[in-house]
Structures are given as structure tokens and as C-alpha cells.
Amino acid sequence: MDARFDVPPELLAWDGDVPRARRLQAELATRVLLRDDFPPWRRLAGVDVGFEEGGAITRAVAVLLDADSMQPLAEVVARLPTRMPYIPGLLSFRELPAVLAALAQLPDVPDLVFVDGHGVAHPRGLGIAAHLGVMTDLPTIGVAKKILVGSHGPVGPRRGDRAAVMHRGHLIGTALRSKDGIQPLIVSPGHRVSHATAVQCVLASGRGYKLPEPTRLADRLASRRDRPR
DNA sequence: GCGACAG
DNA sequence: ATCTTGTCGC
């Protein structure tokens with residue numbers, strides 16, 4: 001039984017009209033839920049995107065893992081022609097078509113999805129993790145390596161140390177040290193998860209690396225680090 | 001007006 | 001993201 005998502009394509013339509021896309025983001029952002037709706041999660045998924053042919057092909061990877069053992073249960077890849085360039089703030093319009101195609105190939109629907117990029121830590125509150133969550137209604141968490149908007153104070157040097165990421169007077173995410181002495185990750189809720197739970201999930205799914213296991217495994221395949229030359 | 005700007 | 005080898009440091 002494949003994972004199925006009834007996703008209205010207009011929620012992801014790209015026609016070159018940047019202002020229109022931004023308005024759509026602001027509208028969809030009102031549908032984001034920052035509460036924990038239905039934990040615990042048994043099956044986790046990690047998704048990430050890479051490019052081939054000089055950017056002409058978008059390659060999305062989705063990995064399904066058992067939440068207890070953190071062992072991969074399935075890994076799928078989807079390749080679609082790239083339809084738009086990277087525009088800061090509009091990343092989801094560029095990458096989600098391929099991500100949705102990959103998720104649809106998983107043998108089961110995940111209970112929680114880790115996305116490479118921001119959740120609500122976005123200019124209009126709708127980073128790629130939040131956009132994916134609203135479209136599929138799946139709980140999602142955004143895990144980014146760099147800040148897009150907002151700022152935070154100093155973060156302690158040890159794993160687990162954190163600092164709130166604020167933007168326009170509001171909490172939008174957490175700068176989290178996922179490993180001793182490594183640059184902190186920026187964690188933010190995507191959908192149906194609270195700020196506190198998003199952080200706990202990232203720490204709980206860590207295996208000693210900087211990235212949480214779902215993201216790390218998806219990242220390896222998306223960037224072709226699985227098959228070194 | 002200038003600089004910043006997830007992946 | 002991607003182009004790319006070795007190298008410094010925990």
C-alpha cells in the first residue's frame with residue numbers, strides 16, 4: 001500500500017509571479033498548527049533534495065525509519081525536471097513537487113517528517129517544512145543549517161544547548177547544538193508539532209552526528225554521498 | 001537605497 | 001544546491 005496524499009496542485013502552483021506566491025504563503029501560514037496533535041510517532045521520514053544535470057533535474061529522496069531502532073525501512077527517489085530557480089523565501093515551490101512524488105512512493109505513511117529547511121522560521125511563516133505539512137496534513141519539522149530570518153543569542157558549547165530564534169518579537173525557532181562543538185542547527189515546527197517537541201524530536205533521533213538520523217540518511221542519498229567515487 | 005537571503 | 005583535495009582540529 002503506497003503512501004497517498006490528496007494534494008490540491010494550486011497550493012504549490014508556480015507561474016513566475018513572485019508576489020502571488022508570497023500571498024499564497026501568507027494564506028497557507030494561517031493553517032499551520034503549532035500543537036502536538038498525535039504523538040507518539042512510530043514511523044519517521046526524512047526528505048531531502050539534490051540536483052542533477054547542472055540543475056535541470058530535481059532529485060528528491062524520502063527515507064522511512066522505525067522510530068525505536070532508527071533503522072531505515074525504505075528509501076525511495078523521485079526525479080523531476082526542475083521548473084524554477086532558487087529564490088530565497090520560495091524554496092518550497094521549487095522543491096516540493098519532487099518531495100511529494102518521493103513521499104508517495106513510500107510503502108507506508110510516516111507519522112512525522114523531517115525536512116531539510118525551515119518550518120515556521122520563515123519571513124511569512126511558511127518555510128518548506130510548514131508548506132509540506134499544510135499540504136499533506138502530516139506532522140513536520142524543519143531542520144536547517146543556516147538562518148533565513150530572525151536572530152538568536154549565544155548557544156552553549158554542548159549537545160542539547162539552545163537559544164530561541166526571535167523574529168519581529170516572536171519565537172520562530174530554536175538554535176540547537178545537536179553535537180558538541182558543532183555549529184547549531186535551526187529547528188522549527190513545520191505543522192502539528194510544538195517548538196518544544198520539535199527540539200525534543202531532533203535530539204531524540206540523533207545518532208551522534210550533527211543531523212538527526214532521518215535527515216542524515218535522506219541527505220546522503222540526495223547529495224549522492226552514498227556512492228563515493 | 002543597501003545588504004541579506006533555507007537549499 | 002553544486003563545482004572539488006587536502007587539511008586542520010576535536
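For clarity, every value in this text was computed on a predicted model and none was experimentally measured. Here is how names work: the chains are called A, B, and so on, in the same order as the sequence lines, proteins then strands, and each is numbered from 1.
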(request) Determine if A/Y86 stacks with C/dA1; use a centre-to-centre distance below 5.5 Å and an interplanar angle below 30° as the criteria. (result) no
To the nearest Å, give me how far apart [atom1] ([X]) and [atom2] ([N]) are.
| X | N | atom1 | atom2 | value |
| --- | --- | --- | --- | --- |
| A/R59 | C/dA1 | CZ | P | 11 Å |
| A/H118 | B/dA4 | NE2 | P | 17 Å |
| A/L221 | C/dA1 | CG | C1' | 16 Å |
| A/D48 | C/dA1 | CG | P | 7 Å |
| A/Q183 | C/dC10 | CD | P | 15 Å |
| A/L211 | B/dG7 | CG | C1' | 13 Å |
| A/K146 | B/dC5 | NZ | P | 8 Å |
| A/R158 | C/dC10 | CZ | C1' | 15 Å |

Which part of the nucleic acid does [X] contact within heavy-atom distance under 4.0 Å: base, sugar-phosphate only, or nothing?
| X | result |
| --- | --- |
| A/F51 | sugar-phosphate |
| A/D180 | nothing |
| A/I128 | base |
| A/G50 | sugar-phosphate |
| A/I182 | nothing |
| A/G89 | base |

(message) The side chain of A/D116 is closest to which nucleotide in this list: B/dG7, B/dA6, C/dA1?
(response) B/dG7
(request) Working to the nearest 0.5 Å, report the span between CG of A/L64 and CD of A/Q105. (result) 13.0 Å
(request) Report the distance from atom CD of A/E95 to atom CG of A/L132, rounding to the nearest 0.5 Å. (result) 11.5 Å
(message) Can you confirm whether A/D6 is buried at CG, in the sense that more than 12 heavy atoms of other residues, nucleotides or ligands lie under 6.0 Å from that atom?
(response) no
(request) Specify whether A/F93 and A/H131 have parallel, tilted or perpendicular ring planes, treating 30° as the upper limit for parallel and 60° as the lower limit for perpendicular. (result) perpendicular
(request) Indicate whether any N or O donor in one side chain lies under 3.5 Å from an N or O acceptor in the other, for A/T215 and A/D116. (result) no
(message) Taking 4.0 Å as the cut-off, does a side-chain nitrogen or oxygen of A/S223 come that near to OP1 or OP2 on C/dT2?
(response) yes
